[in-house]
Amino acid sequence: MKALVLSSGGVDSTTCVGIAVKKYGAENVSTVSVIYGQKHSKELDCAEKVAKYYGVAHYTLNLTEIFAKSNCSLLQGSTQEIAHDSYAEQIARDGIVSTYVPFRNGLMLAAVASFAMSIYPNDKCVVYLGAHADDAAGNAYADCSKAFTDTMTRAIEIGTYERVTVDAPLVNMTKAEVVKTGLDLEVPYKLTWSCYEGGEKPCGKCATCIDRKKAFELNGVKDPALEE
């Protein structure tokens, strides 16, 4: 069995890399990042660093054109600023978070399932997705829910003759539980980037910065990425 981890260079996907390497061994694990028109490349750079840390092969797919018409605030052509408040506040105010990229996880899973069959033509492969319960809470990201991942998993299994499946090991965990899992695995969180802004340091104000800070605090540790 081979494992291909969708790696954004953030906490959740890097935790999945740690889980996959422990389960299958680095020699059987690869990571893949997706360029989708992001405003910055910090997360892509971090994904490469994580792959190098674990000694696994790393690939990049470019799906930029598919999102070219979207006005999601994460994208280069957007007229929207990235909101500096929590997901809950955004949902209460706008009904949806500004950083929802249309069906991104569905598109990435489909693309990566196809890619897995190409790079592992003679092996079965499990694709890891770092979706977790806090991202699905309040329907902030519908494509992070267990219902979504379960349904996509079955579709991919059917469409690949059962050669590719999906594992979303964090889907029932809170962000704090994800961090605890990674700390136990000695995941290199120092190498990760979560902030939606692309500055030298995390902004500390966007929703993902807020969630990340809280998750490390609940585990009683300082975020390694913020250490001097």
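The pair K180-E177 does not meet the salt-bridge criterion, since no charged nitrogen lies less than 4.0 angstrom from a carboxylate oxygen. Under a 4.0 Å N-O distance rule, the pair R93/E89 does not qualify as a salt bridge.
Proximity of a side-chain donor or acceptor of S13 to a complementary backbone N or O of S8 within less than 3.5 Å is detected. Judged by distance alone, the side chain of Y53 and the main-chain N or O of V56 form no donor-acceptor pair under 3.5 Å. In terms of modelled atom types and a separation under 3.5 Å, the side chain of D85 and the main chain of Q90 share no donor-acceptor contact. Between the side chain of N219 and the backbone N or O of V221, no donor-acceptor pair lies under 3.5 Å. Remark: the backbone N or O of A110 is not paired with any side-chain donor or acceptor of S114 at under 3.5 angstrom. Side chain of S73 to backbone of S98: a donor-acceptor contact under 3.5 angstrom is found. No donor-acceptor distance shorter than 3.5 angstrom exists from the side chain of Q76 to the backbone of K39, with no hydrogens or angles considered. One N or O on the side chain of T160 and one on the backbone of I156 form a donor-acceptor pair closer than 3.5 Å. Between the S145 side chain and the F148 main chain, a donor and an acceptor come within less than 3.5 Å of each other. Of the possible donor and acceptor atoms, none in the side chain of D123 sits under 3.5 Å from a partner among the backbone N and O of K2.
In plain terms, the two heavy atoms of W193 and E200 that are nearest each other are CZ3-O, 4.1 Å. Nearest heavy-atom pair, R163 versus P121, reported as atom, atom and distance to 0.1 Å: NH2-O, 3.0 Å. Here the closest non-hydrogen pair linking H84 and C203 is NE2-SG, 4.1 Å. Among all heavy-atom pairs drawn from F67 and P102, the shortest one is CE2-O, 3.2 Å. Closest approach of T64 and G37 over heavy atoms only: OG1-N, 3.6 Å. Contact detail for V166 and V126: the closest heavy-atom pair is C-CG2, 4.2 Å.
M117 and L6 end up in the same hydrophobic cluster when Ile, Leu, Val, Met, Phe, Trp and Tyr side chains are linked at under 4.5 Å. In this structure, L129 is not a member of the same hydrophobic cluster as V50, with clusters built from ILVMFWY side-chain heavy atoms closer than 4.5 Å. In the hydrophobic clustering of ILVMFWY residues, with side-chain heavy atoms under 4.5 Å counting as a link, V112 and V5 come out apart. Placement of V29 and L170 within a single hydrophobic cluster is found when ILVMFWY residues are connected by side-chain heavy-atom separations under 4.5 Å, directly or transitively. Under the 4.5 Å side-chain heavy-atom criterion for Ile, Leu, Val, Met, Phe, Trp and Tyr, F103 and L61 are members of the same hydrophobic cluster.
Summarising the local packing, CD of E162 is surrounded by more than 12 heavy atoms from other residues, nucleotides or ligands at distances under 6.0 Å. Environment of CD in E186: sparse, with no more than 12 heavy atoms of neighbouring residues, nucleotides or ligands closer than 6.0 Å.
Between D135 and Y87 there is a side-chain heavy-atom pair separated by less than 4.5 Å. Side chains of V179 and L183 form a contact here, defined as non-hydrogen atoms less than 4.5 Å apart. Within the 4.5 Å cutoff, side-chain heavy atoms of L74 are placed close to those of R104. A heavy-atom distance below 4.5 Å is found between the side chains of F216 and V11. Counting heavy atoms from C-beta outward, T79 and N71 have side chains that approach closer than 4.5 Å.
Relative ring orientation between Y141 and Y100 is described as tilted, the plane-to-plane angle lying within the 30° to 60° band.
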Stepwise side chain to side chain contact (heavy atoms under 4.5 Å, CB included) test for L109 and D143: CA-CA 11 Å; L109 284 172; D143 56 355; over 6 Å; no
Intermediate values then yes/no, side chain to side chain contact (heavy atoms under 4.5 Å, CB included), L107 and L63: CA-CA 9 Å; L107 179 67; L63 303 178; 3.9 Å; yes
Check against side chain to side chain contact (heavy atoms under 4.5 Å, CB included), V101 and S70: CA-CA 8 Å; V101 183; S70 172; 5.5 Å; no
Pair I35-Q38, side chain to side chain contact (heavy atoms under 4.5 Å, CB included): steps then yes or no: CA-CA 7 Å; I35 301 170; Q38 301 98 312; 3.9 Å; yes
Verdict with reasoning, K175 to D12, per salt bridge (Lys or Arg N to Asp or Glu O under 4.0 Å): CA-CA 8 Å; K175 188 82 168 186; D12 312 318; 3.1 Å; yes
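For the side-chain hydrogen bond (donor to acceptor under 3.5 Å, both in side chains) test with T192, the passing option among E43, K49, R212 is R212; the others fail.
Atom CG of L185 is separated from atom OG1 of T15 by 8.0 Å, given to the nearest 0.5 angstrom. Between the CG atom of D211 and the OG atom of S194 there is a distance of 9.5 Å, given to the nearest 0.5 Å. Here CD1 of I82 is found 4.0 Å from CD of E197. Values are rounded to the nearest 0.5 Å. For the atom pair SG (C72) and CG (L75), the distance works out to 4.5 Å, reported to the nearest 0.5 Å. Interatomic distance, E48 CD to D45 CG, rounded to the nearest 0.5 Å: 6.0 Å. One distance of note links CG of L226 with NZ of K201; it measures 9.0 Å at 0.5 Å rounding.
T31 and Y54 form no side-chain donor-acceptor contact under 3.5 Å, judged by distance and modelled atom types alone. Counting only N and O atoms by type, the side chains of S7 and Y128 include no donor and acceptor under 3.5 Å apart.
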